[in-house]
Amino acid sequence: MPGTVLLLAASPVGRGRLVDAASVLPVLAAVPPAVLAGTDTANVVELADPLEPQAVLTRLRAAATAPGPLTLFVTGQLQLDRRQRLPHLALARTTPATVRYTGLPWHWLREELRLRPPGSTTLVADLHADAESWAWLGANPLDCGRTTAVYGRIAPPRGRRTVAAPTYMKAVATILRSGSRPAVDQLHQAAMTRVTADGEVGDLLLPQHLVPAQQQWPVPARAGTGQQPVVAPGGAFPQPPPLLPAPAGGAEPVAVAGAPAAVPVARPSAPGASPDPHTAISAAVKDGRHREADDLAAQWERQARDTHGDGSDQALHWAEVRADLAMFAGDAERSCRTWLTVAEARLAAGQPADAPAVEAAVDRAHHQWGRIGDPARARELGAALAELRRRVPGRREGALDDVRGRLRDLQTQA
């Protein structure tokens, strides 16, 4: 299966530039696509000093939904927005005062990659932090999601009036240009050896820093067994196991409407069930078994609600998974409706209107609403979306006006 490669190099124009990110692209572009991806063939998308975060998001989303392995080479600089203190990848127009609107929020990258199968996604990054971001990183790992293998470095500020070179990424590209494709961990070590030999010290190495040493899945403890939630190891993740291996006593066959055959599906509470149900769900989606994937996610959502409550992070996580599953199945109405419910639940739980999870839910609802073909259904959900947009305007200017304008057009079709 062909792989997908996304080459993203971004840094501000002018005095705020810490690293000449785009200078690495000619070297990376000279590497054969198959070598970049580690596959027989590959598609490569290149973004050099992009201007708009939404344009980057569109390309990122397309890459994240492509089948087969995905490798991202990201070069640039980190900055915090002044309001929420969240990390962003600075783009060409980014300044310290406008980073919230002109930079790419790092959690957008995490969100787009979160449903990819474990073992299929690799991020290689050469990032430079300004003083505020560097201080923030001392207490906060840069989260890329639990299914992404991460390699690279974060470099500290090099001093005023100094524009650094992306030496780590250039070392990676130089090694790959030789035509060999070592394992990514070996590639990382070889590149860091070259960077250290050039006298650069004090970097944070991403396998240790970006991925927490331990991270709990949003999976409740198994009722009546005394077992605690499964803890996943940090670092690179192995290839996904087969679809929910049967427990010792055998799995219960579940007939799924529209599926090619009954598939053994372990119940969430069954001893010996797969430690990560996301793997099974991703495999079902990849095979086109959308109903089965949703049924499995619904089982975990019900158990999360029973164990932790309707508005818990665990329950909302599974609701978000089901919203994405509806999107993959082509059911824009159900996806939109679910995202609206998630946003309302987060607001009811006291999360602010500009919280990243709230904004993401409303933005995704808005996106799916635009794909609803039935005018009557679109009018119904559009009214709810407009009310929600008044409370959660999001980062993209004119979002509420867009909803109101389409609602006016839909009224003429009534």
**Prompt:** Are any side-chain N or O atoms of D130 and backbone N or O atoms of P157, one a donor and one an acceptor, separated by less than 3.5 Å?
**Reply:** no
**Prompt:** Just wondering, are more than 12 heavy atoms of other shown residues or ligands nearer than 6.0 Å to CZ in R61?
**Reply:** yes
**Message:** Would the distance check show the side chain of S335 and the main-chain N or O of D331 forming a donor-acceptor pair, the cut-off being under 3.5 Å?
**Reply:** no
**Asked** Is a side-chain N or O of R406 found less than 3.5 angstrom from the main chain of W369, in a donor-acceptor match?
**Response** yes
**Item:** Donor-acceptor contact present, side-chain Q84 to main-chain D354, <3.5 Å
**Value:** yes
**Request:** In sequence, state the C-alpha distance, the side-chain angles, and the governing distance for V5 and L28, and then conclude on side chain to side chain contact (heavy atoms under 4.5 Å, CB included).
**Result:** CA-CA 11 Å; V5 176; L28 280 172; over 6 Å; no
**Heavy-atom closest pair, residues A191 and Y168** = CB-CE1, 3.6 Å
**Prompt:** Taking atom types as modelled and ignoring hydrogens, do the side chains of H366 and D402 form a donor-acceptor contact shorter than 3.5 angstrom?
**Reply:** yes
**Asked** Do D324 and R364 meet the salt-bridge criterion of a basic N to acidic O distance under 4.0 Å?
**Response** yes
**Item:** Separation between CG of L18 and CG of L127, rounded to the nearest 0.5 Å
**Value:** 11.5 Å
**Prompt:** Counting only N and O atoms by type, is there a donor-acceptor contact under 3.5 Å from the side chain of T121 to the main-chain atoms of P117?
**Reply:** no
**Asked** Hey, is the main chain of A315 close enough, under 3.5 Å, to the side chain of S312 for a donor-acceptor pair?
**Response** yes
**Request:** Could you tell me the separation between the CD1 atom of I281 and the CG atom of D295, rounded to the nearest 0.5 Å?
**Result:** 10.5 Å
**Request:** Begin from the C-alpha positions of E380 and R337 and carry the test salt bridge (charged side-chain N to carboxylate O under 4.0 Å, His left out) through to its verdict.
**Result:** CA-CA 10 Å; E380 173 196 350; R337 195 181 298 274; 3.3 Å; yes
**Message:** Less than 4.5 Å apart, side chain to side chain, heavy atoms only: is that true for R17 and T94?
**Reply:** no
**Request:** Report yes if the side chains of D374 and E333 come closer than 4.5 Å at any heavy-atom pair, otherwise no.
**Result:** no
**Any side-chain heavy-atom pair of W134 and L78 under 4.5 Å** = no
**Prompt:** So, R181 side chain and L176 main chain: donor-acceptor pair closer than 3.5 Å or not?
**Reply:** no
**Request:** Given side chain to side chain contact (heavy atoms under 4.5 Å, CB included), test L80 with H88 step by step and report yes or no.
**Result:** CA-CA 6 Å; L80 300 182; H88 290 62; over 6 Å; no
**Prompt:** So do D40 and P2 actually touch side chain to side chain, heavy atoms under 4.5 Å?
**Reply:** no
**Asked** Between D81 and R83, does at least one N-O distance fall below 4.0 Å, as a salt bridge requires?
**Response** no
**Message:** What's the separation between atom OG1 in T148 and atom CG in L113, rounded to the nearest 0.5 Å?
**Reply:** 4.5 Å
**Message:** Taking E301 first and then R305, would you say they form a salt bridge - that is, a charged N and a carboxylate O separated by under 4.0 Å?
**Reply:** yes
**Message:** Taking atom CG as the centre, does D401 end up with more than 12 heavy-atom neighbours from other residues, nucleotides or ligands that are less than 6.0 angstrom away?
**Reply:** yes
**Request:** Might you point out which heavy atoms bring A92 and L51 nearest each other, and give the distance in Å?
**Result:** CB-CD2, 3.5 Å
**Request:** Hey, can you tell me if Y151 and H188 have their rings parallel, tilted or perpendicular (30° and 60° cut-offs)?
**Result:** tilted
**Request:** Determine the minimum heavy-atom distance between V358 and Q351, stating which atoms define it.
**Result:** CG2-OE1, 3.7 Å
**Prompt:** Can you name the closest pair of heavy atoms from A378 and I372 and give their distance?
**Reply:** N-CG2, 4.0 Å
**Complete:** In terms of heavy-atom contacts, A173 and V31 come closest through O-CG2, 3.7 Å
**Side-chain heavy-atom pair V19, M169 within 4.5 angstrom cut-off** = no
**Asked** For the side chain of T65 and the backbone of A62, is there at least one donor-acceptor N/O pair under 3.5 Å apart?
**Response** yes
**Request:** With side chain to side chain contact (heavy atoms under 4.5 Å, CB included) as the test, would you mind laying out the steps for L70 and S120 before giving the verdict?
**Result:** CA-CA 6 Å; L70 170 63; S120 68; over 6 Å; no
**Asked** Going from OG on S133 to CH2 on W136, what distance comes out if it is rounded to the nearest 0.5 angstrom?
**Response** 8.0 Å
**Note, V24 side chain near D126 side chain (heavy atom, < 4.5 Å)** = no
**Item:** L142 CG to I154 CD1 distance, which is reported to the nearest 0.5 Å
**Value:** 5.5 Å
**Request:** Show the numbers, then the answer: is there a salt bridge (charged side-chain N to carboxylate O under 4.0 Å, His left out) between R302 and D306?
**Result:** CA-CA 6 Å; R302 286 193 296 271; D306 293 343; over 6 Å; no
**Asked** Any Lys/Arg nitrogen of D363 or R389 sitting under 4.0 Å from an Asp/Glu carboxylate oxygen of the other?
**Response** yes
**Prompt:** Is any side-chain heavy atom of T167 closer than 4.5 Å to a side-chain heavy atom of R153?
**Reply:** yes
**Request:** For the pair R93 (side chain) and E52 (backbone), establish whether a donor and an acceptor sit closer than 3.5 Å, ignoring hydrogens and angles.
**Result:** no
**Asked** If you count the non-hydrogen atoms of other residues, nucleotides and ligands that lie under 6.0 Å from CZ in R59, is the total more than 12?
**Response** no
**Message:** Please check this pair: side chain of R116 against backbone of A66, looking for a donor-acceptor N/O pair closer than 3.5 Å.
**Reply:** yes
**Prompt:** Does atom CZ of R377 have more than 12 heavy-atom neighbours from other groups under 6.0 Å away?
**Reply:** no
**Prompt:** Can L86 and H107 be said to form a side chain to side chain contact (heavy atoms under 4.5 Å, CB included), step by step?
**Reply:** CA-CA 9 Å; L86 293 176; H107 64 266; 4.3 Å; yes
**Asked** Does the side chain of P12 come within less than 4.5 Å of Q77's, by heavy atoms?
**Response** yes
**Pairwise distance CZ(R100) to CZ(R82) - rounded to 0.5 angstrom** = 13.5 Å
**Exercise: identify the closest heavy-atom pair between A293 and L325** = O-CD1, 3.6 Å
